[in-house]
Amino acid sequence: MSDYRIKGQKGSYEVVIGLEVHAQVTSQAKLFSGAATAFGAEPNTQVSLVDAAMPGMLPVPNRECIRQAVRTGMAIDAQINKWSRFDRKNYFYADLPQGYQISQLYHPLVGEGEIEVAPDEKNPDATKTIGVERIHVEQDAGKLMHDQHPTMSYVDLNRCGVALMEIVSKPDMRSPAEAGAYLRKLRSILRYVGSCDGNMEEGSMRADVNVSVRLPGEELGTRTETKNVNSVRFVMQVIEHEAKRQVKAIESGEGVQQETRLFDVAKGVTRPLRSKEDAHDYRYFPDPDLLPLELDDAFLAECRESLPELPDAKLKRYEDLGITPYNAAVLTAEVETANWFDRLLDAGAEAKAASNWANSVLPGILNAKEIDFSDARNTPEASAAILKMVDDGDISKGQAKEVMELYLDEGGSPADIVEKHGMKQTSDTGAIEAEVDKVLAANADKVEQYKGGKQALFGFFVGQTMKAMRGQANPQVVNQILRAKLDG
Amino acid sequence: MSDILDLTIAQLRDGFRKGDFSATEIATRYNEAVDASDALNAYLEKTPELALEAAKAADEAKAKASDSLKPLSGIPLGMKDLFATEGVTTSAGSKMLGNFKPPYESTVSANLKAAGAGMLGKLNMDEFAMGSSNETCAHGPVISPWRREGSNAAITPGGSSGGSAAAVAARIAPGATGTDTGGSIRQPAAFTGIAGIKPTYGRCSRWGIVSFASSLDQAGPMARTVRDCAIMLEAMAGFDPKDSTSIDAPVPQWEKGLSSDLKGKRVGIPREYRIDGTPAEIDALWEQGVEWLRDAGAEPVEISLPHTKYALPTYYIIAPAEASSNLARYDGVRYGLREKVEGGGLHDMYKATRSEGFGDEVKRRIMIGTYVLSAGFYDAYFTKAQKVRALIKQDFRKAFEQCDMILTPTAPSAAFGLGEKSDDPIAMYLNDVFAVPASLAGLPAMSVPGGVDKDGLPLGLHLIGNEMDEQSVLNAGLAIEERAPSIELPGKWW
Amino acid sequence: MSVTIEQVRHIANLARIHLSDEQAETLLPELNNILGWVEQLGEVDTDGVEPLATVIDQQMRLREDVINAIPETAGNRRDDVLSNAPEAQHGFFAVPKVIE
Ligand SMILES: [Mg+2]
Ligand SMILES: [Zn+2]
């Protein structure tokens, strides 16, 4: 579907992309110990004897971590394995106190699922389905700091043992845009489900990017894995850079090495990571400190029942309410926005007017005032009140914007603002008629011209009447009365 | 009054309660005996103050109200050095751990403490519990208090709980903790003429015990009598939420349940345990054991455990594989030995530290374990061994449809002299040929003294029970204990 | 199957154990003896047998998501965690610099 290609001398290369996303599971305590997971603590304070792999320490799994991974699996329609188990992945590194990571290789918790993505933001209905191979649960490692001492590295184990979900996609993506869309969609789903906060800056989500290239019709090429890329933009950069580099390497006859690489953010390039040493032999085997993980129906039912309405379903519901696909996509991308919008609808706002307000009017107001969407003042209830006043004819659409601005500045309630600033629009036909009569009397010449066929003057009378009423006349009523008097 | 050192745990407990002696007297007498036992090299670390502290608490509790006494109040015990003991050096018999002082207490030792027991010290063992003769310890081997008649040659107490066995046999501890991965309680118990039981896998928490092979490791008591084992095991066992493999079931009152009346019980005699080359006296003892159990009312039945022959090779794949991973944490970063390499990086430090810190047998097992898990060999070795293990487990399941307990010899020979087998790893491994199948199946198993060989060295009989049925094992052990000739140490030479 | 001296060195490297040439030469026949001996498992028909990784018939318990619920496995004990460290600086474990 994607026509993204890398031009080489031998032809146009297709890019094949798979992503392994490590997402930190939202939980209070670590996967196998009682230590806290909160970000930003003093070094080695959130470390239990278990996390530090003291002799004789043993893992006991945290139910919430399993639950969140299962809910995530359900959210992407994946197969949930009622029987799974933990394996040890053995390797030596200073951020890995046990000398192994407890992970899942042979029997992961979650099997195949899929995620529908819209690579072109402008065209949300053009979707592509990306397969998910599996989701397994594993421990995070600690952190090494290399720049604190000339000859030593420092080890902080605070993150060690925090639960991660590794979400492994199939090699179904064909362009940086598709990969970006996949990551954004995945992040959105995780945040809807509440299984990961999706905070890439704090490392809650990071991706290993597998890239290979091939000429159309050829077998899959040799792939490289670029580790721990921590933003959507960087992932797209990595793909672009890797694809071009690989095409060059193939055409120069040098070939692509199967290797692990890392992304140099400053230079925007990837480079190989320690390649030789052991040619990774992780010696996976079932962790003998743990038993198989068996999930019962009640547990699975709770997981399913606790799932919220997910982005795709919400998008469809919004579209069914008459909201444009583009607006619906924008509204559902972030769970906070979607929840906000649902509250707006719950408060009685009409869907199309609400969408127009939330997609077009409100962002402009907030931007101009440099106020965050999540600001406490920006309640859906306030917007609902304003939209209702418009709907009731109490204020005009133009006034709605003004009311919102004043409300954000002054607080109180939109009704108070309208009251305080005397903005209530009048539909009092008597008062309007009186003003209309004055306007017509004062402009008798123009009335003549109008009646003589200069229809364009109608707007002039409307404007004069509105001006006389300091903008508070219901324009519809003004129109009605003018028509009656001029055309009648 | 007889010497405190000659009394069993039950006798000490009862004598203390009756007022025959104070807990402090018991602890003091034992502390003296421990102090005079250096020639045995059984204690790696002595903690007389801890023994006295617990004794004082027991004496005070008794003075207040004798019903505030706990099951092991007044009893000082030896602790295998594999159990992490808070503030007390825990080396697992290895140079690698150096003078590691755990900031925590293992569940089993904490349970014993909570039951009122005091600690005399930490007992020597094979390095990381890998060995059958205590010769792999970094701090030198334990010397058995036993000697062959007419010889002064040093004899092994067996292993890996060799320090525990020697201490109990030499009357420098009334009881001691052991751990058993593939016979490490039962073989040394047999070699030193004492009793020792490995309970069902999961009965005793593994939390705080330095891991050797997680799917096999079990703690258990070593003591002079079956009753003492029951008393100790009751205190050691119990559900522990910190160990995922801990069995969530109440601890039976094993001492109360002791009965040597085996009427209506069937004792299985596995034909595959008759192995060519086993000394005639071992076979004779086995026959004798069958007679004793028949005398106690049991009916012997021949059973088959067809995969017995494969238990040992299965064990020597699974245990090293798990060990190679369990011992990866000894890397010189967070505790224990660190060997720096001039100008070297992290991985050089790892290699130097592990090369220096581990002894030959530990290295051998790490190498085997690493190999059988490595790419291309995993299925051929490790998966295969796990499958055979399943068959071994199945053998026992079928056998226990026909019998209530199984009787075999504990070891294929009596204790051997130090150095006699240390050059031949496989010959050493064969010591556990009778012990290992029960370990692989996670079953409770016990060694009780049965008699002596031609040189006057003790021989043990081995009882295997069904899952969770320690009581049958203890009861059959008691029946043998009541009928077997009492075997006496040749006299204190240390 | 028997191992070669190169494999012995490779395995030692995987296990992060330094071996002198002499130690490698000594280990080679020892390992081959042991491996040769365990290979008798090849005689056993294990077709259709599920590998056994856990001997007890029990479901894995899951703990509740509560911070520091059990004191022994709780965090907030940096002094204890660092108390046996060969080298600790500024609250960190210090290790020789990682050379990539
Ligand atoms: Mg990966
Ligand atoms: Zn991972």
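Note: hydrogens, waters and symmetry copies are ignored here, and every other heavy atom, side chains too, is used. Residue numbers begin at 1 in each chain, while the letters A, B, ... track the order of the sequences.
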Most chain C-contacting option - heavy-atom pairs closer than 4.5 Å, from [options]:
{"options": "A:Ala52, A:Cys65, A:Gly99, A:Ala36", "result": "A:Ala36"}
{"options": "A:Pro150, A:Pro288, A:Pro61", "result": "A:Pro61"}
{"options": "A:His149, A:Gln46, A:Glu42", "result": "A:His149"}
{"options": "A:Leu49, A:Ile66, A:Val50", "result": "A:Leu49"}
{"options": "A:Met57, A:Glu64, A:Gln28", "result": "A:Gln28"}
{"options": "A:Arg67, A:Glu294, A:Met152", "result": "A:Met152"}

Which portion of [X] sits near chain A, non-hydrogen atoms under 4.5 angstrom:
{"X": "C:Ala88", "answer": "neither"}
{"X": "C:Ala94", "answer": "both"}
{"X": "C:Gln58", "answer": "both"}
{"X": "C:Val66", "answer": "backbone"}

Rounded to the nearest 0.5 Å, what's the gap from NZ on C:Lys97 to CG on A:Asp147? Could you check?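 Reported to 0.5 Å precision, the distance equals 7.0 Å.
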First locate atom OG1 of A:Thr45, then atom CG of C:Asp79, and finally report the distance between them rounded to the nearest 0.5 Å.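 Reported to 0.5 Å precision, the distance equals 11.0 Å.
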Side chain / backbone / both / neither for [X] at chain C, heavy atoms under 4.5 Å:
{"X": "A:Thr151", "value": "backbone"}
{"X": "A:Phe86", "value": "side chain"}
{"X": "A:Pro43", "value": "both"}
{"X": "A:Leu58", "value": "neither"}
{"X": "A:Arg283", "value": "side chain"}

Sub-3.5 Å donor-acceptor pair from the side chain of C:Arg63 to the main-chain atoms of A:Leu31, do we have one?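 Yes: the side chain of C:Arg63 pairs with the backbone of A:Leu31.
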Judged by atom type as modelled, is there a donor-acceptor pair below 3.5 Å linking the side chain of A:Asn44 to the main-chain atoms of C:Gly91?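 Answer holds: yes.
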Heavy-atom closest pair, residues A:Met54 and C:Asp80: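 Smallest heavy-atom distance, with atoms named: CE-O, 4.3 Å.
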Can you tell which of C:Thr73, C:Ile56, C:Asp65 has the highest number of heavy-atom pairs within less than 4.5 Å of chain A?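 Result: the option with the highest number of such pairs is C:Asp65.
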